[in-house]
Each structure stands twice: as structure tokens, then as C-alpha cells.
Amino acid sequence: MEFTNRQILITRVYSPQLWAIAGTTHLLFCVTILFGISLAVGDFLAGRPALQIAALAFLPLLLASIRGALRVTAVQEMLPPLKAQIQQQSWIHLLVGVWIPYLYTINFLASAVTKKSAGAGFVTS
């Protein structure tokens, strides 16, 4: 977490426009997913149809998992001797991709309120 916070803070210092665009993108993505889930749960509890909203809310997360599965498959094809070992650890790639936007959102929020990066040798204004 410290490493990724520092990398995003470096981006904030050296490329503030890129930092703002990327931070906004990640924040909107995470807020949209959470809002969709809350709408789907609210509709479900109220007895209204909620499947279409739930499908839209979870589709990006499903696509992130599929992307992880494709990466695992590609690596298995490239490294056949390690296929069994890769297979044992493949579950992590299916789950991590789903949480990366939330990690980045935390990194962007931390860099937005941080004035000094420990060990990086610079202070933001």
C-alpha cells in the first residue's frame, strides 16, 4: 500500500493533469459500482425487479475476472512446465482484478490529502 500510495503521489507532483483525470476516473468507477449495487439491493428489498441493475453493476467486475482468467491462460500456454503451479495460484488473478480500482481510489484519495511523502524526498504544495 505504501508503494502504490507513493507512486500515485509522484504522479500528482509531476503530472497533476494526468493525476486528476485518472483519480476522477477511478473514483467514478467505484462510486458507480457501489451505487448500482445499492440500487439493486434496494429494489430487491422493495420487491421491484432488480436483476437488470445488478447485472449492469456486476458486469465490469465480471469482465475484470475474465481478463484475469485470460492472463492466467496465456501464462500457462507460455510456461507449460509451470502449469500446475500457475493453476494452484490462478484464483488470486480472478479476484485481484476486481479490487484494483478500489485500491487505486484509496491511493488517489491518500495522495490528495498528503502533503509529504515519507522517504520520497519531496513535499507537495
Side-chain angles (χ1 to χ4, degrees):
M1 192 71 175
E2 181 181 335
F3 174 77
T4 54
N5 279 340
R6 185 171 36 249
Q7 297 304 304
I8 299 300
L9 184 57
I10 289 169
T11 304
R12 177 180 168 212
V13 171
Y14 290 106
S15 185
Q17 185 178 6
L18 176 65
W19 175 85
I21 292 168
T24 302
T25 301
H26 282 286
L27 182 64
L28 288 175
F29 176 85
C30 293
V31 167
T32 301
I33 297 295
L34 294 174
F35 183 64
I37 291 170
S38 68
L39 278 177
V41 168
D43 284 350
F44 178 75
L45 293 175
R48 295 187 297 262
L51 186 59
Q52 67 276 28
I53 294 174
L56 288 173
F58 286 108
L59 183 62
L61 305 177
L62 175 64
L63 292 174
S65 290
I66 291 171
R67 183 178 55 217
L70 290 173
R71 287 180 180 155
V72 168
T73 303
V75 171
Q76 286 177 343
E77 292 293 324
M78 293 172 58
L79 302 169
L82 300 174
K83 187 172 184 174
Q85 185 180 359
I86 294 168
Q87 194 89 35
Q88 290 174 346
Q89 299 172 0
S90 64
W91 65 271
I92 193 80
H93 297 283
L94 302 178
L95 298 178
V96 166
V98 172
W99 299 107
I100 294 296
Y102 297 94
L103 169 68
Y104 276 125
T105 299
I106 292 168
N107 293 146
F108 279 105
L109 293 174
S111 70
V113 298
T114 301
K115 294 293 182 191
K116 180 179 178 186
S117 176
F122 60 84
V123 177
T124 62
S125 55

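Because only heavy atoms are used, hydrogens play no part in the values below, and waters and symmetry mates are left out as well, while side chains stay in.
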For the atom pair [atom1] ([X]) and [atom2] ([Y]), what is the distance rounded to the nearest 0.5 Å?
X: Leu9; Y: Thr4; atom1: CG; atom2: OG1; result: 11.5 Å
X: Ile33; Y: Leu28; atom1: CD1; atom2: CG; result: 11.5 Å
X: Ile86; Y: Thr73; atom1: CD1; atom2: OG1; result: 10.0 Å
X: Arg48; Y: Leu39; atom1: CZ; atom2: CG; result: 9.0 Å
X: Leu59; Y: Ile66; atom1: CG; atom2: CD1; result: 8.0 Å

Decide whether [X] and [Y] are clustered together by the hydrophobic rule: side chain heavy atoms of Ile, Leu, Val, Met, Phe, Trp, Tyr closer than 4.5 Å, transitively.
X: Leu56; Y: Ile53; answer: no
X: Leu94; Y: Leu70; answer: no
X: Trp19; Y: Ile100; answer: yes
X: Ile21; Y: Val13; answer: no

Among Ile8, Asn5, Thr11, Ile10, which residue satisfies the side chain to side chain contact (heavy atoms under 4.5 Å, CB included) criterion with Ser111?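 Among Ile8, Asn5, Thr11, Ile10, the one meeting side chain to side chain contact (heavy atoms under 4.5 Å, CB included) with Ser111 is Ile8.
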For Gly36 and Ala57, which heavy atoms make the closest approach, and how far apart are they? C-CB, 3.8 Å
Closest non-hydrogen atom pair between Gly97 and Ala64, with its separation: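 Minimum heavy-atom separation between Gly97 and Ala64: O-CB, 3.7 Å.
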Kindly indicate whether the side chain of [X], heavy atoms from C-beta on, has any atom under 4.5 Å from the side chain of [Y].
X: Ser65; Y: Val98; value: yes
X: Met1; Y: Asn107; value: yes
X: Leu82; Y: Gln76; value: no
X: Val113; Y: Leu109; value: no
X: Phe58; Y: Ile37; value: yes

What ring pair (Phe, Tyr, Trp, His ring centres under 6.0 Å) pairs are there with at least one residue in residues 84-107, not counting sequence neighbours? His26-Tyr104, Trp99-Tyr102
Determine whether a donor-acceptor pair (N or O, by modelled atom type, separation under 3.5 Å) exists between the side chain of Arg12 and the backbone of Thr114.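 At least one qualifying donor-acceptor pair exists.
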Atom CD of residue position Gln52 - does it have more than 12 heavy atoms of other residues, nucleotides or ligands inside 6.0 Å?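 For Gln52, atom CD is crowded (more than 12 foreign heavy atoms under 6.0 Å).
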Apart from Leu27 itself, what residues make up its hydrophobic cluster when side-chain heavy atoms of I, L, V, M, F, W and Y under 4.5 Å apart count as a link, directly or indirectly?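 Under the 4.5 Å side-chain rule, Leu27 groups with Val31.
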